[in-house]
K.L.:
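Below you'll find the structure I mean.
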Amino acid sequence: QVPLVESGGGLVQAGGSLRLSCAASGRSFGDYGVGWFRQAPGTERESVAAMSGSGVSIYYADSVKGRFTISRDDAKNTVFLQMNNLKPEDTAIYYCASASIPGLVVKDTRYRYWGQGTQVTVSS
């Protein structure tokens with residue numbers, strides 16, 4: 001089991017920003033695809049952003065394009081999700097995940113390891 005630990009969630013007003021972090025031990029993010037997902041109550045888990053192991057290929061859901069940015073610090077083996085101009089509909093539990101292949105992975109069933117999630121709440 002590879003522990004992935006998210007942090008950075010919290011309560012923010014609409015229009016505000018948060019930066020989520022996901023740290024891994026025992027697994028290099030640079031070798032595998034990584035993704036951020038979210039799940040709001042009563043909804044299915046959805047992909048928010050993903051990055052290939054090389055960092056060359058990046059995916060964003062249409063709902064977050066231009067507002068969210070996925071990035072990675074290889075020295076710290078940490079992946080980030082910078083979230084700007086947050087909206088109430090962004091409220092959800094956010095999860096990071098590490099895939100079993102180095103390519104860009106969007107579908108959640110292709111991810112092998114998951115963090116415990118961090119709550120993001122955006123007030124109107």
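We use all heavy atoms of the structure for the numbers below, so side chains are in, but hydrogens, waters and symmetry mates are not.
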K.L.:
What is the minimum heavy-atom distance between Ser63 and Arg38, and which atoms define it?
P.N.:
OG-NH2, 3.4 Å
K.L.:
Using the rule given for side-chain contact (heavy atoms from CB on, under 4.5 Å), can you reason through Glu89 versus Thr91, listing the C-alpha separation, both sets of side-chain angles and the distance that settles it, and then say yes or no?
P.N.:
CA-CA 5 Å; Glu89 51 263 43; Thr91 295; over 6 Å; no
K.L.:
Can you run down the disulfide bond (SG atoms under 2.5 Å apart) pairs that involve residues 12-99, sequence neighbours left out, and say none if there aren't any?
P.N.:
Cys22-Cys96
K.L.:
How close do Ser57 and Leu104 get, heavy atom to heavy atom, and via which atoms?
P.N.:
O-CD1, 3.6 Å
K.L.:
Please report the C-alpha distance between Glu6 and Tyr94 in whole Å, then the side-chain angles of each, then the deciding distance to 0.1 Å, and finally whether the side-chain contact (heavy atoms from CB on, under 4.5 Å) criterion is met.
P.N.:
CA-CA 8 Å; Glu6 302 103 333; Tyr94 283 71; over 6 Å; no
K.L.:
Between Val79 and Val106, is there shared hydrophobic-cluster membership here, with clusters defined by ILVMFWY side-chain heavy atoms closer than 4.5 Å?
P.N.:
no
K.L.:
Pairs in or reaching into residues 4-44: which pass ring pair (Phe, Tyr, Trp, His ring centres under 6.0 Å), with residues at least two apart or in two chains?
P.N.:
Phe37-Tyr111, Phe37-Trp114
K.L.:
Is the closest side-chain donor-acceptor distance between Asp73 and Thr78 under 3.5 Å?
P.N.:
no
K.L.:
Could you tell me the separation between the CD atom of Gln116 and the CG atom of Leu4, rounded to the nearest 0.5 Å?
P.N.:
8.5 Å
K.L.:
Closest approach of Ser17 and Asn84, non-hydrogen atoms and distance?
P.N.:
OG-OD1, 3.0 Å
K.L.:
How long is the span from the OG atom in Ser71 to the CG atom in Leu81, to the nearest 0.5 Å?
P.N.:
8.5 Å
K.L.:
Find out whether Arg72 and Phe80 are in side-chain contact, i.e. whether some heavy atom of one side chain is under 4.5 Å from a heavy atom of the other.
P.N.:
no
K.L.:
Within a strict 4.5 Å, meaning less than it, do heavy atoms of the Arg112 and Ile101 side chains meet?
P.N.:
no
K.L.:
Is there a chain of hydrophobic side chains (I, L, V, M, F, W, Y, each step under 4.5 Å between heavy atoms) that links Leu20 to Val12?
P.N.:
yes
K.L.:
Run the side-chain contact (heavy atoms from CB on, under 4.5 Å) test on Phe68 and Leu86 for me, step by step, so that the C-alpha distance in whole Å, both residues' side-chain angles and the decisive distance to 0.1 Å come before the verdict.
P.N.:
CA-CA 9 Å; Phe68 290 14; Leu86 283 161; 3.8 Å; yes
K.L.:
Flag yes if more than 12 heavy atoms outside Arg110 fall under 6.0 Å of its CZ atom; otherwise flag no.
P.N.:
no
K.L.:
If you measure from the Lys or Arg side-chain nitrogens to the Asp or Glu carboxylate oxygens, is any gap between Asp90 and Lys87 under 4.0 Å?
P.N.:
no
K.L.:
Sequence neighbours left out, cut at 3.5 Å: what donor-acceptor pairs do the side chains of residues 117-124 make with other protein atoms?
P.N.:
from: Thr118; atom 1: OG1; to: Gly9; atom 2: N; distance (Å): 3.2
from: Gln119; atom 1: NE2; to: Ala92; atom 2: O; distance (Å): 3.4
from: Gln119; atom 1: NE2; to: Thr121; atom 2: OG1; distance (Å): 3.3

K.L.:
Specify the closest pair of heavy atoms between Val105 and Ala99, including all atoms of both residues, with the distance to one decimal.
P.N.:
CG2-CB, 3.8 Å
K.L.:
Would you name the heavy atoms of Tyr95 and Gln39 that are closest together and state the gap between them?
P.N.:
CE1-CB, 4.4 Å
K.L.:
I'd like to check Asn77 versus Ser28 (side-chain heavy atoms, cut-off strictly below 4.5 Å). Are they in contact?
P.N.:
yes
K.L.:
Minimum heavy-atom separation for Lys65 and Tyr60, please, with both atom names.
P.N.:
CE-O, 3.3 Å
K.L.:
Should Val34 and Ile58 be regarded as members of a common hydrophobic cluster, given that ILVMFWY residues are connected when their side-chain heavy atoms come within less than 4.5 Å of each other, either directly or indirectly?
P.N.:
yes
K.L.:
Can you tell if the side chain of Asp31 reaches within under 4.5 Å of the side chain of Pro102, non-hydrogen atoms only?
P.N.:
no
K.L.:
With a 3.5 Å distance limit and no angle check, can you tell me whether Arg67 reaches the backbone of Asn85 through a side-chain donor-acceptor pair?
P.N.:
yes
